Colleague: 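First the structure, then my questions, so here it is.
Quick caveat: nothing in here was measured; it's all calculated off a predicted structure. Convention: sequence-line order gives letters A, B, ...; per-chain numbering from 1.
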Amino acid sequence: MTTPALDIIHLNKTYNGHHAVDDISFSIEPGEIFGLLGPNGAGKSTTINMISGVTRIDKGTITVFGYDNQKAYRTTRRMIGVMHQEVVIDNFFTIDQTLRFHAGYYGIPDDPQWRTTLIDRLGLRPHLHKVMIKLSGGLKRRFMIAKALIHKPNLLILDEPTAGVDVELRHTLWEFIREINHQGTTILLTTHYLEEAEQMCKRIAIMNHGKLITLEETHRLLQQFGARRVMVRLNRPYPELPNGLDAFSVEPLDPFSLRLTLPNQMTVSELLIVLQRLDLPIVDLETERAGLEDIFLQITQSKEPT
Amino acid sequence: MNIPRNQRFHSWLPFYTLLQKEVRRFIRVASQTLVTPVITASLYLFIFGATLGERIQLLEGFSYAQFVIPGLILMGVINNSFSNVASSLFMSRYLGNIVDLLVTPVTPAQFILAYTLAAMIRGLAVGIIVWLISGLFATLPWAHPFAVVLMALLASFLFAQFGIIAAIHADNFDSLAMYTNFIILPLIYLGGVFYPISILPPFWAGLSHLNPLFYLIDGFRYALLGVGDLPFALSFGLAFALAVCLFGWAAHLINKSHRLRN
């Protein structure tokens, strides 16, 4: 069995009697892109802070590629690169100087070739001699990614990397992160953009109120909770809904269109047969699957603690 | 793109880098960190060395300028060692960029040493400049040169530790300023920079013995002039003991406290 890139066992953190992280356990395989989702205050950032060493662990253990992150913290911190959710500013140094310092903090001599690669790939070259406060929001995010990668970590943690970033940059960032992943870097990410998690992550864990409530492969999660819906458009308005559609939770959209939810085992062609029998003349048909967004709401709402 | 993975870890590089960053930080704002304290000290030198000083004599065989210069040098050392670490570390906490350091393999010992050494470099740099300028007003006998260096190092080390403690305990700028205004300044002014404790009435002289700055200043003056209120071993011993205590406190805060890694 391969050593997990990250193994969290019975992790707990309490702030003033409030369980910010409540006995969570999960592992991430090497090379995986793993999504940690949850509403604000679910405990995602606290978990990430305990992995990276910013926050002390109350109870439980975290191992990174087999090393305990408390006993062997110098080893694990070298293996981890973190991009924090909050943009932090250093007004004293240019981003170029900060990148060089950052490699040094990790005990890695400056590698100009790698630094140049990061600078160019993240479009930072025209801004190298600016202090961070002078950068736009998007540039700050790009710089933070460069900083997280400067020591070539094996596990990259991205806490809301695309918060407040425009669509084009988001696309570029994800492309870059995929490339980093293909190079062998394991990735743990949290995001509020669920469609991103859906596209990027092999597995997804959902946290709420400090607890881990679901951990599933992304496609299974979509299968399990993702009901298929079919939108049909008719060539004449229907005066009233015919009987025989009770099983499909029909939603009339307009006089010509209906939305039906497909039962789990039923195929679209079986649905078409049913509709034909009811003499509904179909002009057009569109199927859609519930996205992670719907699933996320279903899960977090259905598992609210009482 | 290819990520080169074969990289050697240099155990002390985090320390050198942090030290370099801290030194470059204060040099970058030298007008505030070096020039301003030197101007302040020069004003004191002018007032007490060239104007008022000529009318005062407190110590047999020495001008008032000669008496006051050791205290002014040490005041520069103390203030700047404290301010360097207190403002840098507090700003890092305040702006949040301290997390950039907390996620790295910098050990608690390297953390303290780097901040301390940078603070000592600034404090001692200011002290040396003040001493050079003081040459315009009086020359000092340098009675015990080795002890001069020892006391200056001890004073800068001690106040760097105090700076770390203040930066980690302070929750806002006001509370940080309180350490300067309500602790350091009174201790300096009442610690015998401008007058020998021996001329005070017995009650105030006794009270001054509770001031740790008194031992540092008296020891430093003894080292420079050859005369002091106390035996040098006592001044040095007590100041050293206090430095060890503050170091222990600072180390505890960096190593175990939830204030830094909450």
Side-chain angles (χ1 to χ4, degrees), chain A residues 15 46 48-57 72-82 84 86-93 97-98 100-111 113-114 117-118 120-121 132-133 144 147-149 151-154 157 176 179-180 182-185, chain B residues 1-30 32-33 84 87-89 91-111 114-115 118 253-262:
Chain A
Y15 290 113
T46 308
I48 283 175
N49 285 341
M50 282 191 277
I51 299 168
S52 62
V54 175
T55 299
R56 291 181 198 280
I57 295 170
Y73 73 93
R74 294 198 90 189
T75 307
T76 61
R77 287 187 199 163
R78 266 154 52 205
M79 292 176 167
I80 301 174
V82 202
H84 291 281
E86 307 230 336
V87 177
V88 293
I89 305 283
D90 187 334
N91 295 336
F92 279 97
F93 298 103
Q97 285 167 323
T98 307
R100 290 167 199 246
F101 284 144
H102 219 63
Y105 295 151
Y106 282 98
I108 309 294
D110 182 38
D111 177 348
Q113 209 178 340
W114 176 238
T117 306
L118 286 175
D120 289 336
R121 286 300 313 272
M132 205 178 155
I133 204 162
M144 284 165 74
K147 207 166 58 173
L149 284 168
H151 61 293
K152 308 149 197 162
N154 303 79
I157 300 177
F176 182 68
E179 204 175 326
I180 294 285
H182 286 149
Q183 293 281 319
T185 309
Chain B
M1 188 177 62
N2 194 17
I3 307 178
R5 301 278 181 188
N6 52 337
Q7 45 192 353
R8 262 192 67 206
F9 176 63
H10 297 254
S11 189
W12 278 89
L13 188 59
F15 161 75
Y16 296 126
T17 310
L18 184 56
L19 173 62
Q20 191 195 3
K21 185 215 126 196
E22 279 301 297
V23 171
R24 284 172 69 170
R25 188 198 71 88
F26 79 71
I27 291 174
R28 219 181 124 85
V29 282
Q32 296 162 43
T33 55
N84 198 66
S87 63
S88 174
L89 188 52
M91 282 302 282
S92 277
R93 283 186 59 219
Y94 184 77
L95 293 174
N97 60 44
I98 190 80
V99 296
D100 281 349
L101 212 54
L102 297 181
V103 298
T104 67
V106 176
T107 66
Q110 291 179 336
F111 189 105
Y115 272 102
L253 288 175
I254 302 286
N255 207 5
K256 298 264 183 245
S257 160
H258 283 255
R259 294 192 73 85
L260 201 60
R261 294 182 196 271
N262 54 349

Colleague: Take A:F101 and B:R24, measure what side chain to side chain contact (heavy atoms under 4.5 Å, CB included) needs, and give me the verdict at the end.
Modeller: CA-CA 11 Å; A:F101 284 144; B:R24 284 172 69 170; 4.2 Å; yes
Colleague: Sort A:Q97 into side chain, backbone, both or neither according to what part of it lies under 4.5 angstrom from a heavy atom of chain B.
Modeller: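 Side chain only.
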Colleague: In terms of heavy-atom proximity below 4.5 Å to chain B, should A:V54 be classed as side chain, backbone, both, or neither?
Modeller: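 The answer is both parts of A:V54.
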Colleague: Considering the options B:V103, B:T17, B:L13, which one meets the side chain to side chain contact (heavy atoms under 4.5 Å, CB included) requirement together with A:Y106?
Modeller: B:V103
Colleague: Counting only heavy atoms closer than 4.5 Å, note whether B:S257 contacts chain A via side chain, backbone, both or neither.
Modeller: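 Contact with chain A involves the backbone of B:S257 alone.
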Colleague: Out of B:K21, B:Q110, B:Q20, which one racks up the most heavy-atom pairs below 4.5 Å with chain A?
Modeller: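 Most heavy-atom pairs within the cutoff with chain A belong to B:K21.
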Colleague: Any side-chain to backbone donor/acceptor pair from B:N97 onto A:V88? Under 3.5 Å, distance only.
Modeller: no
Colleague: Might you work through the side-chain hydrogen bond (donor to acceptor under 3.5 Å, both in side chains) test for A:R74 and B:S11, ending with a clear yes or no?
Modeller: CA-CA 9 Å; A:R74 294 198 90 189; B:S11 189; 2.9 Å; yes
Colleague: State, with a plain yes or no, whether a side-chain heavy atom of A:Y73 is found less than 4.5 Å away from one of B:P105.
Modeller: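 No. Closest side-chain heavy atoms not under 4.5 Å.
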Colleague: Name the region of A:T46, side chain, backbone, both or neither, that has any atom closer than 4.5 Å to a heavy atom of chain B.
Modeller: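 The answer is neither part of A:T46.
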Colleague: Using the ring of A:F92 (Phe, Tyr or Trp, six-membered ring only), decide whether B:R25 places NZ or CZ under 6.0 Å from its centre and within 45 degrees of its axis.
Modeller: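 Yes, B:R25 and A:F92 form such a contact.
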Colleague: Which bit of A:N49 is near chain B, if near means a heavy-atom gap under 4.5 Å: side chain, backbone, both or neither?
Modeller: neither
Colleague: Treating A:R77 as the side-chain partner and B:T104 as the backbone partner, does any N or O pair qualify as donor plus acceptor under 3.5 Å?
Modeller: yes
Colleague: Where does B:T107 contact chain A at under 4.5 Å (heavy atoms): side chain, backbone, both or neither?
Modeller: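 Both the backbone and the side chain of B:T107 come within 4.5 Å of chain A.
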Colleague: Hey, are the side chains of B:D100 and A:K147 touching, using non-hydrogen atoms and a 4.5 Å cut-off?
Modeller: yes
Colleague: Flag the one option from A:I89, A:I51, A:V87 with the top tally of heavy-atom pairs under 4.5 Å to chain B.
Modeller: A:I89
